[in-house]
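Report on one structure; see the data block that follows.
Throughout, protein chains are lettered first and strands after them, A, B, ... in sequence-line order, and every chain is numbered starting at 1. In what follows, every heavy atom counts, from backbone to side chain, and hydrogens, waters and symmetry copies are set aside.
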Amino acid sequence: MKVIDYKLNADLVRINVVEDESDLPEFHRFVEANHNALGFDTETDGLSWWEDGFRIRLAQFGNAYESYVLPTERGGQFQEDVIKAVGWVKKLVMQNGTYDILCMDRVWGVKAETVFPRLLDSRIIAHLVDSRGRKDGGIGHSLEELTRHYLSAAVADEVKGSMTAIAKELRVKKAEVWPLIPLEHEGFNLYAGMDPVLAYRLAKLLKPKIPATARKLLAYEHELAAVCAYMVRKGIKADVPYVRDRANELARTEVHFKEVAARLGLENINSPKQVGEAIVARGITITGRTPTGQPKVDDHLLKAHIDDPLCEAIYQGKKAAKAKSTWFDNALNNRDSDDRLHAAINSMGARTARMSISGAIPAQTFPSGDSLVRRGFIADEGMSICAVDYKAQELRVLAALSGDKAMKKAFREGTDLHQITADSAGVDRSTGKMAGFLTVYGGGWAALASQAGVSEETARRAIDGFFAAFPRVKEYSEELQKEARRNGYITTITGRRLLVDRQRPYAALNYAVQSASRDVTGRAIIRLFEAGYGPFMLLPVHDEVIFQFPSEHALAATTKAAQIMKETMSGVLIDTDVSVYGKSWGCGYMAKGQYCDLCDIIHQEEK
DNA sequence: TCGTGACGCACC
DNA sequence: AAACGGTGCGTCACGA
């Protein structure tokens, strides 16, 4: 046994590094003495846990004062004893436990279902205490950020710095250090050994800080994280030939337009500076400015001058390059050995707790107008991709939360809400629609004018018209702002405390609506799981859930799922829509008349 | 060389 | 009176 003593403020923390099998009895005694609750963490090869040959190099258990580091990479008794301890400890305190649980499931075959019920996640607790990231003026939710704020800045610096120093020592990039570092490296052992201690301490310290109204969310958030992890574990099959074809096609497009740009004297289409200069040189005036005062070169400008060959080349070239790398290369590079892709779902991503879906399946950014990207995701043999989405989820939630009579009535009777706004304001429907959405986002007439491309006067009329049609919405927003000014935070309908910036009280309405909507989807995901839909759920995307069902039962099963997902909030039905796509996710996004080579049919309906 | 901020763009 | 909310990611440009 190697012992490292470390000072955390006034406390001494002892890190015991298991070196050979004769050290294991002492580890057993430690686990037995602490079997009610222990901090836990692993150190792995990297982040791509789905790759063959991926290793869990170290596993660490600890309480507030002591930890044990075990070299699981050496397999045998070390790995076996860690698996036993993981199965035995009543409460496992982890920082972002989803990651370690997925690793253990994949690498060791420790079923995630056996670990999640005993997880206490310090990140979930921290989010319920203060949902803001560091950039938003909060503490943040990473182990380093939480340690720095709640425990010790010195320890945060040292632990973070230690891996940077080791990378330097080994002459590799920081991201490459994990598979290379020797298991017995003392700095690595220290870094590893402190993690479960910090997670354990943070959970203990932060749990009492959860606002009383939000305490009931703790169990729910852990369940939700678990169901999301099960979806991540399963993954979605990629249609590799399709994805490869698109990547190659986009590469050709990119090369072509880069050559066009080069002939016209522009070296780098991705450099905003170069692009700006080149466009001005062609006699085009750039009026827009970025927040830092630079000439604004964006989609809007390029589209306005799409007749200019250089503008067209920049626009098309950039678009192709971005699409290729973000969606197609990403998919090809992150497949597992069965050509499945595994998203990273952060079940409490945003400050409103809205989930984020990123990594190998950045579903949040998939183009919604066509099948280009979604076509690359296919159902398993004999299955069909299906989806249930909420109809105008945020507006229905707004109706429920505000209690606006007219808005509730519109949803009850199925009348067109945006037309009501349009009629009230004397504007066209699309402007009325934008006024509604923009109001939920806290926007005003100026934003509407620039976004909808209408005059300031029309924009003012549209916003006024929206509030005239739905007067309770304005009152509700004002009530929330008052609450935010008084307390510095609002409490959502589910009891979540959301801090509101003093300078932006108008954001309170959006927070309330966005967060309540997220919880509508979150509760639905748990109901689906409890009803036995777990094996068929593939991915949540904000206001929808993607499934695959056996093709012969697809419509019936999706319809049943849609029933389960529906709920009534303050008398407003948060209604759902059913979609049965086909063999690929893209089948639902195909244009009318477009032929689908997978399903071997011509699509009749436009999305 | 690496990390980070700025920017732009894909979404809900 | 007015106020554009929330993400992830790729690239460039800059500074430690």
Selection from [options] that lies nearest to any side-chain heavy atom of [X]:
{"X": "A:Arg504", "options": "B:dA10, C:dG5, C:dA13", "result": "C:dG5"}
{"X": "A:Thr326", "options": "C:dG6, C:dG10, C:dG8", "result": "C:dG10"}
{"X": "A:Ala507", "options": "C:dA13, B:dA10, C:dG5", "result": "C:dG5"}
{"X": "A:Gln451", "options": "C:dC4, C:dG6, B:dC11", "result": "C:dC4"}
{"X": "A:Arg460", "options": "C:dG6, B:dC11, C:dA2", "result": "C:dA2"}

Legend entry - Expected output: side-chain A:Arg461 to main-chain A:Gly426 donor-acceptor under 3.5 Å: yes
Inset, instruction - Fit a plane to each ring of A:Phe377 and A:Phe366, take the angle between them on a 0 to 90° scale, and name the class: parallel (under 30°), tilted (30 to 60°) or perpendicular (over 60°). - result: tilted
Legend entry - Aromatic plane relationship, A:Trp178 with A:Tyr191 - under 30° parallel, 30 to 60° tilted, over 60° perpendicular: tilted
Inset, instruction - Give a yes/no verdict on base stacking between C:dA3 and A:Tyr506: centres under 5.5 Å, planes within less than 30° of parallel. - result: no
Inset, instruction - May I ask you to test the A:Glu259-A:Val255 pair for a side-chain heavy-atom distance under 4.5 Å? - result: yes
Write out a two-atom table: protein N or O, nucleotide N or O from nucleotides 14-16 of chain C, distance below 3.5 Å.
none

Legend entry - Minimum heavy-atom distance between A:Leu128 and A:Ala214, given as atom pair plus value: CD1-O, 4.3 Å
